There are 2 protein chains.
Amino acid sequence: MHPDVSQKTVGRWSLYRRLLDALSRTEQRYILSSDLARRSGVTASQARRDLMHLEVAGGARGYEVQALLRAINAQLAPAEPQAVALIGVGNLGRALLSYFQGRRPTLQLVAAFDIDPHKIGRVIHGCRCYPLDELEAILEREAARIVILTLPGEAVATLGPRLIKAGIRAVLNFAPSHLDLPPSIHVEDVDITMSLEKAAFFAATQEQRS
Amino acid sequence: MHPDVSQKTVGRWSLYRRLLDALSRTEQRYILSSDLARRSGVTASQARRDLMHLEVAGGARGYEVQALLRAINAQLAPAEPQAVALIGVGNLGRALLSYFQGRRPTLQLVAAFDIDPHKIGRVIHGCRCYPLDELEAILEREAARIVILTLPGEAVATLGPRLIKAGIRAVLNFAPSHLDLPPSIHVEDVDITMSLEKAAFFAATQEQRS
DNA sequence: TTCTCTCTGTGATTCAATTCACAGGCACTG
DNA sequence: CAGTGCCTGTGAATTGAATCACAGAGAGAA
Ligand SMILES: NC(=O)c1ccc[n+]([C@@H]2O[C@H](COP(=O)([O-])OP(=O)(O)OC[C@H]3O[C@@H](n4cnc5c(N)ncnc54)[C@H](O)[C@@H]3O)[C@@H](O)[C@H]2O)c1
Ligand SMILES: NC(=O)c1ccc[n+]([C@@H]2O[C@H](COP(=O)([O-])OP(=O)(O)OC[C@H]3O[C@@H](n4cnc5c(N)ncnc54)[C@H](O)[C@@H]3O)[C@@H](O)[C@H]2O)c1
């Protein structure tokens, strides 16, 4: 695979895929980089750069939608489905469970974990909730290499070493705590509070910014 | 105010504030840039650069926690509270309402909007839900300049012009659709699906990356 | 077929953000 | 009250990403 693809490019592939997916259910057979770009909110040359890394040739009518979609899927979705686990079945965790359950066939939410006895043992949005103690055992059994963290920030700190031992490869972290993991594990932080505060900051300073 | 503060820096201020806030409730009076950095997952020189823009002098024992906290608050939290509205009271919207209700006194969730008759009129996590038709009227009444979008992607497209008319200054958008707004309105996109797909991509490529 | 027009693919360039590296200063030590 | 060591503040250098700009190619017109 291409070793020289930037993280940002991977993110935009996901974006393009969403559009192409919608397009592929319409009559439209071709799409111009400039269209794709405008509809994704990026510049045309950036879109072309991103598509460059996929080995799809565009022509004078643009890119063939199906071919692009296949190429991006080949990058983003590996041949066999990936198992995902979620830790912390609170308000946010449940929203995610409900949203992702069955939406992406290549990303399967196979297990949830919590410490709350009321939640343990229940099946929430089609996903069984286990006690946190069984984390390692069940991650191994389900071959889950990706975890979503939606538990309180304080609780996250102690989790690092356990995730390493369990052989986790990537983490999607919603908790506002820095996870100290080796660089071989990819950490994607989604800090909603920070995003809202950024929005508030720029709302307050009347000057326009990009 | 400083016109030359990068968006990324603003984001990290929010991060530092969270740590300082916790510290300010302990005995610790001073903090080193290197500590702050390690605990936020950034480098020490980056932290120093970010703090440079605040006008707080650090000494040989580091920075005074209270002084830093005050300086960051002065930047992030304007004198009077900012009103925030939320559109789309679904699973994610409710999680956000519950989380932010009363957490930041300077950010008040004053109104929610939906088109579902079952939700309209109810008070959800302390926030009244109005019909979407009344959007402009109520945003004006409450002087809300910030909106959170947690409605389906297709519905977002039609919303742009209404947000402009309503005098919105910043948007926190969870829907996977590009919002085309003038640059005077700050748009903060939080694309959870994209983040998960990025995580999955890097989990699948065994090579280690930062 | 030939001519023209527009779009892609990409080297070169610009722009932004991060890191380096060190001068200057404060705190602690003896 | 020097002397030492670590920490800050910040220009300079570096890295990385986005943009520019243009050569080359395919599509359609006549
Ligand atoms: N909900 C939001 O809108 C929102 C916004 C910003 C940030 N966050 C962050 O996302 C995380 C989750 O938020 P939430 O609103 O869902 O919280 P929540 O309180 O609703 O849920 C937290 C869940 O984690 C469980 N839990 C607590 N300690 C645990 C542990 N050690 N191991 C496993 N499970 C444990 C709790 O039992 C609960 O079910 C928090 O870190 C929060 O700061 C959430
Ligand atoms: N929940 C998640 O975990 C998650 C993950 C990724 C992306 N998202 C995105 O976040 C958004 C919300 O997700 P959700 O899970 O809360 O969805 P949801 O279906 O639970 O809620 C959507 C809400 O929006 C309301 N709505 C629909 N059309 C509307 C309109 N025109 N005006 C106002 N309200 C309208 C619906 O009545 C419903 O209450 C979606 O765009 C989704 O793609 C959510």
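Lettering follows sequence order; numbering is per chain, from 1. Please read these numbers as outputs of a predicted model, since none were measured by experiment.
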Exercise. Looking only at side-chain N and O atoms, does A:Tyr63 come under 4.0 Å of OP1 or OP2 in C:dG9?
Worked result: yes
For this session: Nearest whole angstrom, please: distance from the C1' of C:dC15 to the CD of B:Gln7.
Result: 15 Å
Exercise. So do the side chains of A:Trp13 and A:Val5 get within less than 4.5 Å of each other, counting heavy atoms only?
Worked result: yes
Seminar exercise, completed: Per atom distances to the B:Arg12 side chain, the nearest of D:dA17, C:dG9, C:dT18 is C:dT18
Exercise. When the ring planes of B:Phe202 and A:His186 are compared, do they come out parallel, tilted or perpendicular, using 30° and 60° as the limits?
Worked result: parallel
Exercise. Is A:Ser6 touching bases, backbone alone, or none of the nucleic acid, heavy atoms closer than 4.0 Å?
Worked result: sugar-phosphate
Exercise. In whole angstroms, how far is the P atom of D:dG24 from the CE atom of A:Met52?
Worked result: 17 Å
Problem set entry | Interatomic distance, B:Asp50 CG vs C:dT19 C1' [rounded to whole Å] | 13 Å
Problem set entry | Separation of C:dC7 C1' from A:Glu64 CD (nearest whole Å) | 16 Å
Exercise. Separation of A:Leu54 atom CG from C:dT10 atom P, in whole Å?
Worked result: 12 Å
Exercise. For the pair made of CG in A:Leu51 and P in D:dA18, what is the distance, rounded to whole Å?
Worked result: 14 Å
Problem set entry | Flag side-chain contact, heavy atom, 4.5 Å: A:Leu181 against A:Ile164 | yes
Exercise. On a plain distance test, is the side chain of B:Arg49 in donor-acceptor contact with the base of C:dT19 below 3.5 Å?
Worked result: yes
Problem set entry | Sugar-phosphate, base or nothing in reach of B:Val56, heavy atoms under 4.0 Å | sugar-phosphate
Seminar exercise, completed: B:Lys8 atom NZ is separated from D:dA17 atom C1', nearest whole Å, by 9 Å
For this session: Under 4.0 Å between any heavy atoms, over every strand shown, what does A:Ala44 touch: base, sugar-phosphate, or nothing? Just pick one.
Result: nothing
For this session: Name the closest nucleotide to the B:Thr43 side chain, picking from C:dT19, D:dA21, D:dA18.
Result: C:dT19
Exercise. Considering only side-chain heavy atoms of A:Leu32, which listed nucleotide, C:dC7, D:dT8, C:dT10, is closest?
Worked result: C:dC7
Problem set entry | Distance-only polar pair, side chains of B:Arg17 and B:Asn73, donor-acceptor under 3.5 Å | yes
Problem set entry | Side chain proximity check, A:Ile138 to A:Phe113, heavy atoms < 4.5 angstrom | yes
Exercise. Is a donor on one side and an acceptor on the other found under 3.5 Å between the side chain of B:Glu188 and the backbone of A:Ala199?
Worked result: no
Problem set entry | Side chains of A:Tyr63 and A:Leu51 in contact at under 4.5 Å (non-hydrogen atoms) | yes
Exercise. Are B:Tyr30 and D:dC6 close enough that a side-chain N or O sits under 4.0 Å from OP1 or OP2?
Worked result: no
For this session: Report, as a single string ordered 5' to 3', how protein heavy atoms within less than 4.0 Å touch nucleotides 22-30 of chain C: B base, S sugar-phosphate only, - not at all.
Result: ----BSS--
Problem set entry | Sugar-phosphate, base or nothing in reach of B:Ser45, heavy atoms under 4.0 Å | base
Exercise. OP1 or OP2 of D:dT8 less than 4.0 angstrom from a side-chain nitrogen or oxygen of B:Ser33, does that happen here?
Worked result: yes
